[in-house]
2 protein chains.
Amino acid sequence: MAQQTTKVALPACPVETTLSLIGNKWKVLILRDLAPGKKRFGQLQKSIGNVSQKVLTAQLRSMEADGLVHREVFAEVPPRVEYSLTDLGESLKPILNSMWAWGENYKQRFGQ
Amino acid sequence: MAQQTTKVALPACPVETTLSLIGNKWKVLILRDLAPGKKRFGQLQKSIGNVSQKVLTAQLRSMEADGLVHREVFAEVPPRVEYSLTDLGESLKPILNSMWAWGENYKQRFGQ
DNA sequence: CAGCATCCTTCAAGATACTG
DNA sequence: CAGTATCTTGAAGGATGCTG
């Protein structure tokens, strides 16, 4: 999979439409970590775990272009940038919740 | 993202656990197309759209190893292989449904 | 701090050909 | 039909260095 890039023509199938916007691991993790509230770039990088700046930046830019994420720059020294979910981004929470619930249940059945 | 490969140590976060099993486009599409019922290899390849045999085979094998998909071979000529969701695979339907619902709604708001 | 620019590596995935 | 076996490529992603 891929799509760094943004929404092109929408697929016929709604599932594919969703995949075209959050169809990779990073975006789901960004969503997860922004769900509780706004975070700075550095915080995000920490909470996600193993992302390079480059990748995180690219994913955030893509999600911003897709209207899922809001980016706010503060003119301070040192600079501060805060990311948060837009309403559209928030609307993805049910998907996230179902993934959370499934993973939780899976771990209880098969987990270590 | 990636994971052709299968479940290793489970991540702490349930969302990541889920991602480790269906964290790529192909698996979600396979899930979608097996949700209504069993399908043959060729049918799957058609309904998914643009998958090479190689990729489709690899994804199916991985999902089989993870216990999401059941593979049944019939000793016929020409050979027939049917794929279906296991109970565990079926249990992923809520995630799929939430993705379907979101995509549908998104298309109504922004789609052509 | 939050990035952009570069270079480099690796692996997923496409294409093609062959087979039980 | 449902694969397996190779070969190749393209893009994702890592590492490093520089800057407003």
Side-chain angles (χ1 to χ4, degrees), chain A residues 1-8 11 16 19-30 33-34 38-66 69-84, chain B residues 1-8 11 16 19-31 33-34 37-66 69-84:
Chain A
M1 138 143 334
Q3 113 280 15
Q4 208 78 308
T5 43
T6 339
K7 53 186 163 192
V8 232
E16 291 186 48
L19 282 175
S20 74
L21 293 179
I22 53 163
N24 79 56
K25 173 189 171 185
W26 299 124
K27 292 183 178 179
V28 175
L29 294 180
I30 289 172
D33 290 345
L34 288 183
K38 56 178 59 176
K39 271 206 174 77
R40 300 180 58 166
F41 185 89
Q43 291 181 298
L44 264 179
Q45 194 173 12
K46 264 203 171 182
S47 62
I48 288 181
N50 263 32
V51 227
S52 62
Q53 299 168 330
K54 178 185 163 187
V55 169
L56 182 54
T57 302
Q59 299 298 321
L60 285 168
R61 290 286 189 281
S62 172
M63 295 175 76
E64 190 190 359
D66 286 335
V69 160
H70 174 66
R71 178 173 181 264
E72 189 162 11
V73 184
F74 296 85
E76 304 174 0
V77 177
R80 177 165 56 109
V81 180
E82 284 183 350
Y83 292 92
S84 56
Chain B
M1 143 146 335
Q3 113 279 17
Q4 206 80 305
T5 42
T6 336
K7 54 186 161 190
V8 232
E16 291 185 48
L19 282 176
S20 75
L21 293 179
I22 54 163
N24 79 55
K25 173 188 171 185
W26 299 124
K27 292 185 179 179
V28 175
L29 295 180
I30 289 172
L31 229 47
D33 289 345
L34 288 183
K38 55 177 60 173
K39 273 206 173 76
R40 302 180 57 167
F41 185 89
Q43 291 181 297
L44 264 179
Q45 194 172 13
K46 265 202 170 184
S47 63
I48 289 181
N50 264 33
V51 227
S52 62
Q53 298 169 330
K54 178 185 161 188
V55 170
L56 182 53
T57 302
Q59 299 298 319
L60 284 168
R61 290 284 190 282
S62 171
M63 295 175 76
E64 190 190 359
D66 286 333
V69 159
H70 174 67
R71 177 173 182 265
E72 190 164 12
V73 184
F74 297 85
E76 305 174 358
V77 176
R80 177 165 56 111
V81 179
E82 284 184 349
Y83 292 92
S84 56

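Atom set for the values below is all heavy atoms of this structure, side chains included, hydrogens, waters and symmetry mates excluded. Since the structure is predicted, the reported quantities are computational estimates derived from the model, not experimental observations. Note on naming: letters A, B, ... go to the chains in the order of the sequence lines (proteins, then strands), and numbering restarts at 1 for each one.
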Colleague: Could you tell me whether B:Glu82 and B:Lys38 make a salt bridge, using a distance below 4.0 angstrom between a side-chain N and a carboxylate O?
Modeller: yes

Colleague: Just to be sure I understand the rule, does B:Tyr83 reach a base, reach only the sugar-phosphate, or reach nothing, if contact means heavy atoms closer than 4.0 Å?
Modeller: sugar-phosphate

Colleague: Report the nucleotide, chosen from C:dC1, C:dG20, C:dG3, that has the shortest atom-to-atom distance to any side-chain atom of B:Pro79.
Modeller: C:dG20

Colleague: Starting from C1' on D:dC1, measure out to NZ on B:Lys46 and report it in whole angstrom.
Modeller: 13 Å

Colleague: If only side-chain N and O atoms of A:Arg40 are considered, is one of them under 4.0 Å from the OP1 or OP2 phosphate oxygen of C:dA2?
Modeller: yes

Colleague: Considering just the side-chain nitrogens and oxygens of B:Gln53, establish if one lies under 4.0 Å of OP1 or OP2 belonging to C:dT16.
Modeller: no

Colleague: Pairing donors with acceptors under 3.5 angstrom, does anything connect the side chains of A:Gln59 and A:Asn24?
Modeller: yes

Colleague: Identify which nucleotide among D:dT4, D:dG14, C:dA13 has an atom closest to any side-chain atom of B:Val55, counting heavy atoms from C-beta outward.
Modeller: C:dA13

Colleague: Phosphate oxygens OP1/OP2 of C:dG20: is one of them under 4.0 Å from a side-chain N or O of B:Arg80?
Modeller: no

Colleague: Whole angstroms only, please: what is the CG-P distance between A:Asn50 and D:dG14?
Modeller: 7 Å

Colleague: So which heavy atom on B:Gln53 is nearest to which on B:Phe41, and how close?
Modeller: O-CZ, 3.9 Å

Colleague: Select one nucleotide: of C:dG3, D:dG3, D:dG14, the one nearest the side-chain heavy atoms of B:Arg61.
Modeller: D:dG3

Colleague: If you compare every side-chain N and O of A:Trp26 against the phosphate oxygens of D:dG13 (OP1, OP2), does one of them come in below 4.0 Å?
Modeller: yes

Colleague: Checking the side chain of A:Gln45 only, and the main-chain atoms of A:Val51 only, is there a donor and an acceptor separated by less than 3.5 Å?
Modeller: yes

Colleague: On DNA chain C, does the nearest nucleotide to A:Lys54 precede the nearest nucleotide to A:Val81 from the 5' side, or the other way round? Give the residue.
Modeller: A:Val81

